[in-house]
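Below is one structure, written out as structure tokens; the observations come after it.
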Protein chains: 2
Amino acid sequence: MPETSRPRVTMDDVAAAAGVSRSLVSIAYRGVAGVSDETREHILAAGRALRYRPNTVASRLASRTGRSLGLFLLDLRNPVFADIFDGVSAVTEEAGAHLVLGVGDTAGTRDRLALETLLGARADVVLAAGAVLSDRELIALVGADRLVSVARRVPGVDSVYADDLAGARLVVDHLYFLGHRRIAHLAVPPTDGRTDRRAGYEVRMRELGLTPQVVTAVPTLEAALAVATPLLGGPGRPTAVFANNDLAALGVVEAAGRLGLRVPDDLSVVGYDDSPLSGLRAVGLTSVDQHALDLGRRSAEAALWRLENPAGEVVDVSLSPRLVVRSSATAPSS
Amino acid sequence: MPETSRPRVTMDDVAAAAGVSRSLVSIAYRGVAGVSDETREHILAAGRALRYRPNTVASRLASRTGRSLGLFLLDLRNPVFADIFDGVSAVTEEAGAHLVLGVGDTAGTRDRLALETLLGARADVVLAAGAVLSDRELIALVGADRLVSVARRVPGVDSVYADDLAGARLVVDHLYFLGHRRIAHLAVPPTDGRTDRRAGYEVRMRELGLTPQVVTAVPTLEAALAVATPLLGGPGRPTAVFANNDLAALGVVEAAGRLGLRVPDDLSVVGYDDSPLSGLRAVGLTSVDQHALDLGRRSAEAALWRLENPAGEVVDVSLSPRLVVRSSATAPSS
DNA sequence: TTGTACGCGTTATCAG
DNA sequence: CTGATAACGCGTACAA
């Protein structure tokens, strides 16, 4: 016999069962002042007996003070977004705020859809991590006042990020001092708004008197593999590749392997994000730590702060990226 | 000058601007019958001009027919859950259903919390992927009638899974025929409900006249590394380890490497999930493909079907797991 | 085809 | 501390 589809129990039911008014039940469940501890416990007991669970949908509609954050994550396959989620989640939870998630894809085709879903769910603030949309589009869609940009600086908008210009510089300098001169960069497609890593690379290359060589691909392992293959296959191939993130770097390593090139003997590779896999001996990827967990925490804090201070100054938190040296980049052999 | 915090525009505003009633606006936006195409377009134009966006919170509260699915994902660091998400998301989207996400952690400490959040958000059906809770707890919390178990069979509950008993058997047989006799299994902690891989391993080992050796750890790289180290460090160590998932398998490989053991020469390792990283040359992990994307799709379809057929027979979809042979498991050298 | 009125489950205000 | 009563924004018969 299938479980009988139980009737939805509401606050009124709890109120009736506890012999009090519905307002009191609301007060009791929200944990605000207005009930004696005794009555409160009595009400909660009645609720438990009825298996009552507050309806957050109704609650969010009725509440005018309820803080809810919408978090956009570009790519669930990239562990850096798990770190960001953990940071945001921890802060949100301990603040008792509501968190709603939206997920995109690396090509950026779902950015708009996911962001609109968050807006439709009436997120008071939208935290955008990894969005492909340009600064302008982002602001037009979400509104500069409801947006917190995570891991990317957007001028005029609350931003919490690690300095990508500096991070790219760390990488180029590292490779340069190892002796590399032909250093290629695997960047994300140029249509989007995440341009600082590439810009940092190009600026530093020129400062060092070197010629930038940029190829682009969406930041996945597969796409990186596809573009790295011709890059490494031809003559005059680079001696080092700086990839936009660790997943792409792994794609480069894979491409090199398939071409019979050894890493790091024949090719040095550097990634970005310092994901957990980079530390494995089998991988040993030199990378840049952008402190994603902290980015998550700080951006959630910024969002909550913004709700309290609508007219406060634009938040601009810049963390210092850290180069993590491993075995995938050494002095060139030739 | 900061963007002026625009007043929330509602259907009434759109109705006023378009010179029609609010009901008509509702009808127009939902795309149901009841408006002339002409009027409809006129209304939508007015909505665009006002930058109106339907409030899904209010919509979900008012609607009695709205289908919304709640998806629980255990671990954002495990790519298998990204596959499941993609499958669920695709089906949900094309069905026009609402999808809300809840995220747990590998220790299972957040299972209850995340599931309750989904319930509080009034998900009509909850899809649970990777939940640590036991069958009994899961049913008690969510209700057998609102639950779809993903990647795990729960008797009496709609379940979409790949046969873990068979998958484990595939692995043991593979290792056995390669010549291994001391095959250890790295399982998830015994308190939870995901027991089939371990059971399949133990049954098959006994059938083959071998002695099962099980160690447990939460399914993360770090935890696997921690328990694999003593396992591989002592005398009489196994010649092969079958890990509960790919992340754990990577932890085993890492532990082996730190102990100076070569994979597969000194130790064979097999994972589970056939995650993207397993295919890399630098990893080359033999694993079991459980068709996670399909699991996602099928479970979402099951959930939507259940909404239409509340009294329908219990869904039981069992896919056949597939062994993917790579370089991490070979004949034992000794 | 269009408009009216009631309800969804809470929150919040304001007298008792 | 308690209990009516109006929002919250929208869905949905039902009537026009």
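Throughout, protein chains are lettered first and strands after them, A, B, ... in sequence-line order, and every chain is numbered starting at 1.
- Taking B/R297 as the reference, nothing meets the side chain to side chain donor-acceptor pair (under 3.5 Å) condition, with sequence neighbours excluded.
- Scored by the side chain to side chain contact (heavy atoms under 4.5 Å, CB included) test, A/A49 finds no partners at all (sequence neighbours excluded).
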All N/O pairs under 3.5 Å across the protein-nucleotides 12-16 of chain D interface:
residue : atom : partner : partner atom : Å
D/dT12  : OP1  : B/T65   : OG1          : 3.3
D/dT12  : OP2  : B/R30   : NH1          : 2.4

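- Taking the C1' atoms of five terminal pairs at each end of the helix from C/dT1-D/dA16 to C/dG16-D/dC1, the two resulting helix axes are inclined by 40°, rounded to 10°.
- Residues satisfying the salt bridge (charged side-chain N to carboxylate O under 4.0 Å, His left out) test with B/D75, not counting sequence neighbours, are none.
- With sequence neighbours excluded, the residues that form a side chain to side chain contact (heavy atoms under 4.5 Å, CB included) with B/R298 are B/V160, B/E301, B/V317, B/L319.
- Partners of A/R48 under the side chain to side chain donor-acceptor pair (under 3.5 Å) rule, at least two apart in sequence or in another chain, are A/E41.
- Not counting sequence neighbours, A/R40 has no partner by the salt bridge (charged side-chain N to carboxylate O under 4.0 Å, His left out) test.
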Give every donor-acceptor pair under 3.5 Å between a side-chain atom in residues 28-35 of chain A and any protein atom, sequence neighbours left out.
residue : atom : partner : partner atom : Å
A/R30   : NE   : A/S26   : O            : 3.4
A/R30   : NE   : A/S26   : OG           : 3.1
A/R30   : NH2  : A/S26   : OG           : 3.0

What does the list of N/O pairs under 3.5 Å between the protein and nucleotides 14-16 of chain C look like, with a distance for each?
none

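- A heavy atom lying under 4.0 Å from DNA chain D marks the following residues of residues 36-45 of chain A, by number: A/S36, A/T39.
- For A/D316, the side chain to side chain donor-acceptor pair (under 3.5 Å) partners two or more places apart in sequence, or in a different chain, are A/R153, A/Y161.
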